[in-house]
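The next block holds one structure in the form of structure tokens; read it before the comments.
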Number of protein chains: 2
Amino acid sequence: MRSLLAQTAMQLFAEKGFDETTVDEVAAAAGVSRRTLFNYFRTKEDLALSGLSEQGEVIAARLGARPADEDVWVSLRHAFVVLDEIEVSPENRLEIVSMLFDNDSLRAGHAEKQARWTDLLAPLIEPRLPASESRGFQARAIVGAAITCLQAATEEWLRLRGSTPLFDLYDTAVAAIRTSN
Amino acid sequence: MRSLLAQTAMQLFAEKGFDETTVDEVAAAAGVSRRTLFNYFRTKEDLALSGLSEQGEVIAARLGARPADEDVWVSLRHAFVVLDEIEVSPENRLEIVSMLFDNDSLRAGHAEKQARWTDLLAPLIEPRLPASESRGFQARAIVGAAITCLQAATEEWLRLRGSTPLFDLYDTAVAAIRTSN
DNA sequence: GCACAGTTGTGCACCAAGTGCAAGTTGCTT
DNA sequence: AAGCAACTTGCACTTGGTGCACAACTGTGC
């Protein structure tokens with residue numbers, strides 16, 4: 001049910017745009033009442049962003065499976081790469097991503113959801129850092145920076161209309177922030 | 001007028017919380033009609049976040065005044081420090097920041113507004129990077145990472161209830177992401 | 001076959017955010 | 001005085017979102 005709703009919603013959003021689609025239309029298209037829709041999704045935004053939370057969990061699972069002595073940046077990159085694999089509709093990918101970045105509140109929600117990945121990922125890399133009172137904080141900073149690189153890469157990937165592989169851009173971003181110039 | 005509205009809004013938000021305050025109340029408290037309020041602020045969120053855009057411009061101005069051959073991370077830090085100076089009500093600071101982080105959409109909007117600082121700051125540091133086809137992108141990644149460090153530091157500062165200076169935490173965050181472990 | 005409880009869907013009334021429009025107000029210019 | 005522009009306001013309306021009570025279906029034990 002949840003996935004049916006999310007699917008029909010993405011369909012309509014892709015066709016008409018996010019703002020131009022009402023939740024009533026989504027509910028009608030899915031054949032349920034408006035109230036039922038709100039039983040499954042707290043907000044309209046969630047209809048478009050629900051996938052992100054699940055992606056976060058997949059990434060966390062992947063991260064947890066990396067060897068404990070691996071460099072944390074390497075581990076994070078490996079974990080992120082699942083995003084390239086679980087892509088359901090590669091041809092619509094550009095369309096969907098550009099939708100997420102067109103709308104202000106949607107872009108904000110998207111960034112926020114990804115930022116919440118920090119809560120999942122940071123605890124997994126904290127034990128790999130050298131002991132320190134602020135190790136937990138450092139872990140959050142590192143994960144946050146990695147996610148920022150991913151976001152910057154996605155933005156650039158969108159600007160280039162997908163002509164450059166996402167993770168090439170990601171590598172460029174990470175190199176840019178971690179290399180002294 | 002704009003500042004009067006923003007001021008009364010922040011007052012009420014601090015007293016009653018963001019969600020528990022209606023825009024009608026803000027308008028009434030400021031002595032104007034609800035409609036007038038929406039002539040000055042596009043959304044309720046803007047009432048709470050309008051200051052951030054201005055802060056971004058102040059930071060950009062400060063950044064532009066740094067010597068062109070200075071390390072970009074050093075320049076960015078110097079520019080950010082204005083945040084410690086333009087603080088209007090230092091005693092309410094904790095209160096205000098925790099309000100921004102309590103509400104989901106507000107936290108998202110806050111992060112998004114700060115992310116938009118990238119648009120202002122990246123062009124200023126791009127010319128300082130070594131020539132490259134992707135220099136603009138690299139500049140955005142660096143600025144984005146620096147802002148992420150600032151946000152992580154703010155979050156930690158909030159968690160510690162302000163007991164550690166914000167920019168000590170910022171330095172810790174930057175060191176964490178830029179130092180190979 | 002029947003009463004039982006638990007989940008799930010639905011209708012309805014309601015509140016708050018936000019917009020478009022048309023009319024009123026203020027104040028300044030000529 | 002008349003006219004013009006900018007600002008303010010009321011009003012009706014759409015949309016997102018919530019609380020609540022009631023129906024429909026499900027499986028369980030008797």
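Within every chain, numbering begins at 1; the chains are lettered A, B, ... in the order of the sequence lines, protein sequences first and strands thereafter. Below, all heavy atoms of this structure are taken into account, side chains as well, without hydrogens, waters or symmetry copies.
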What does the list of N/O pairs under 3.5 Å between the protein and nucleotides 22-24 of chain D look like, with a distance for each?
none

Decide, yes or no, whether a salt bridge links [X] with [Y] under the criterion of side-chain N to carboxylate O below 4.0 Å.
X	Y	result
B:Glu155	A:Arg140	yes
A:Asp84	A:Arg93	yes
A:Lys16	A:Glu25	yes

Between atom [atom1] in [X] and atom [atom2] in [N], what is the gap in whole Å?
X	N	atom1	atom2	result
A:Arg2	C:dG9	CZ	C1'	17 Å
A:Leu5	C:dG9	CG	C1'	12 Å
A:Met1	D:dC25	CE	P	16 Å
A:Leu37	C:dT10	CG	P	11 Å
A:Glu20	D:dT14	CD	P	17 Å
A:Asn39	C:dT7	CG	C1'	11 Å
B:Phe13	C:dA16	CZ	P	14 Å

Q: Sugar-phosphate means primed atoms, P, OP1 and OP2; the rest is base. With that split, encode nucleotides 17-23 of chain C 5' to 3' as B, S or - using protein heavy atoms under 4.0 Å.
A: BBBBB--

Q) Is any side-chain nitrogen or oxygen of A:Thr36 closer than 4.0 Å to OP1 or OP2 of C:dT10? A)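 Result: yes.
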
(Q) If the cut-off is 4.0 Å, is B:Tyr40 near the phosphate of D:dC7, judged by side-chain N/O to OP1 or OP2? (A) no

**Q.** Minimum side-chain heavy-atom gap A:Glu45-B:Ser105 below 4.5 Å
**A.**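 A:Glu45 does not reach B:Ser105 side chain to side chain.
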
Q: Answer whether the closest heavy-atom distance between the side chains of A:Ile142 and A:Leu76 falls below 4.5 Å.
A: yes

Q: Could you name each residue pair satisfying side chain to side chain donor-acceptor pair (under 3.5 Å) that touches residues 166-175 of chain B, not counting sequence neighbours?
A: B:Arg77-B:Asp171

Q) Are B:Val58 and B:Val97 in one and the same hydrophobic cluster, where Ile, Leu, Val, Met, Phe, Trp and Tyr link if side-chain heavy atoms are under 4.5 Å apart? A)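 Hydrophobic grouping puts B:Val58 with B:Val97.
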
Q.
Hydrogens and angles aside, do A:Gln11 and A:Glu15 bring a side-chain donor and acceptor to less than 3.5 Å of each other?
A.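 Their side chains do contain a donor-acceptor pair, which is all the 3.5 Å distance test asks for.
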
Q. Counting only heavy atoms not in A:Arg2, do more than 12 sit closer than 6.0 Å to its CZ atom?
A.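 It does: A:Arg2 CZ has more than 12 such atoms within range.
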
